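First up is the structure itself, then whatever we jot down about it.
The shown structure was predicted, so the numbers you read here are calculated from the model rather than taken from an experiment. No hydrogens, no waters, no symmetry mates; every other heavy atom, side chains included, goes into these values.
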Amino acid sequence: MKPKKDVQRGTLALMVLKTLDVMGELHGYGIARRIEQISGDILLVNQGTLYPVLLRLEQERAVASEWGPSENNRRARFYRLTPAGRKLLETEKRDWEQTAAIIARFFEVKAEDLA
């Protein structure tokens, strides 16, 4: 069994937005499990970290929520992406891709490239 890693700071909101974009409406536990599943069970999503992110995204109107019954008939809050959330997802995706490209340059650079 692989040791699980915590989600890297600043990336959870992006993962939540993309998960809701792909999967549609989900409750918090479902979002956490999907993120872990998509990561190949490498990431561990802490509930104490997830719910503040969901609250912040809801306050920013990137997600909306409503109460409903879960698969096991328990009351759960279901989250869905809003049009503002789709825009935020695109912005965050572009920013992440730009950051990843910059970091990739650092791994590729050699001393002679800087002379």
Side-chain angles (χ1 to χ4, degrees):
M1 193 161 130
K2 299 181 257 185
K4 291 191 175 192
K5 295 183 171 201
D6 288 330
V7 175
Q8 191 173 9
R9 184 172 170 87
T11 61
L12 185 56
L14 175 60
M15 289 184 223
V16 167
L17 293 171
K18 185 60 182 175
T19 300
L20 291 174
D21 182 48
V22 171
M23 301 300 302
E25 188 175 84
L26 287 170
H27 51 71
Y29 181 80
I31 293 168
R33 296 297 75 83
R34 290 297 180 200
I35 290 172
E36 290 174 357
Q37 179 185 31
I38 292 166
S39 78
D41 285 325
I42 293 172
L43 295 178
L44 173 65
V45 179
N46 183 318
Q47 302 294 314
T49 306
L50 176 63
Y51 287 101
V53 168
L54 286 167
L55 178 62
R56 181 176 53 83
L57 289 171
E58 194 166 22
Q59 290 170 342
E60 293 172 357
R61 301 196 192 302
V63 300
S65 70
E66 60 186 54
W67 290 97
S70 67
E71 302 81 32
N72 57 5
N73 248 357
R74 288 191 167 165
R75 193 166 177 249
R77 186 176 285 270
F78 286 82
Y79 298 88
R80 70 181 182 289
L81 201 58
T82 65
R86 290 190 199 290
K87 288 180 185 176
L88 179 60
L89 173 58
E90 286 307 310
T91 300
E92 293 286 327
K93 181 180 177 230
R94 270 193 311 274
D95 290 350
W96 181 255
E97 288 170 344
Q98 182 181 31
T99 300
I102 291 167
I103 296 298
R105 287 182 193 165
F106 279 89
F107 286 113
E108 296 168 2
V109 73
K110 296 177 181 87
E112 57 269 15
D113 296 337
L114 301 174

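- In this structure, OG1 in T19 is found 4.5 Å from CD1 in I38, a value given to the nearest 0.5 Å.
- Evaluation of the salt bridge (Lys or Arg N to Asp or Glu O under 4.0 Å) test over residues 81-92, restricted to residues two or more places apart or in two chains, returns D21-R86.
- Taking CG of L20 as the start and CE of M15 as the end, the distance is 13.5 Å to the nearest 0.5 Å.
- Among pairs with a residue in residues 24-33, those fulfilling salt bridge (Lys or Arg N to Asp or Glu O under 4.0 Å) read R33-E36, at least two apart in sequence or across chains.
- The environment of CZ in R77 is crowded: more than 12 heavy-atom neighbours from other residues, nucleotides or ligands sit within 6.0 Å.
- Contact annotation: the side chain of L12 approaches that of I35 to within less than 4.5 Å [non-hydrogen atoms, C-beta and beyond].
- With values rounded to the nearest 0.5 angstrom, Q59 atom CD is found 11.0 Å from L54 atom CG.
- A 4.5 Å side-chain heavy-atom check between L57 and L88 finds at least one atom pair inside the cut-off.
- A distance of 11.0 Å separates CG in L50 from CG in L55, rounded to the nearest 0.5 Å.
- Note: the hydrophobic cluster containing V53 also contains L26 (ILVMFWY, side chain heavy atoms under 4.5 Å, direct or indirect links).
- Rounding to the nearest 0.5 Å places OG of S65 at 8.0 Å from CZ of R80.
- Listed here is the closest heavy atom pair of A62 and L17: CB-CD2, 4.2 Å.
- Scanning both residues, Q47 and A32, for their nearest heavy atoms gives NE2-CB, 3.6 Å.
- Within the model, atoms CD1 of I103 and CD of E108 stand 11.5 Å from one another, a figure rounded to the nearest 0.5 Å.
- Within the structure, every pair that satisfies the ring-ring contact (aromatic ring centres under 6.0 Å, His included) test and touches residues 51-87, not counting sequence neighbours, is listed here: H27-F78.
- Put simply, L14 and V16 are part of the same group of oily side chains (I, L, V, M, F, W, Y) that touch within less than 4.5 Å, one to the next.
- Clustering ILVMFWY residues whenever any of their side-chain heavy atoms sit less than 4.5 angstrom apart, transitively, puts L43 in the very cluster that holds V22.
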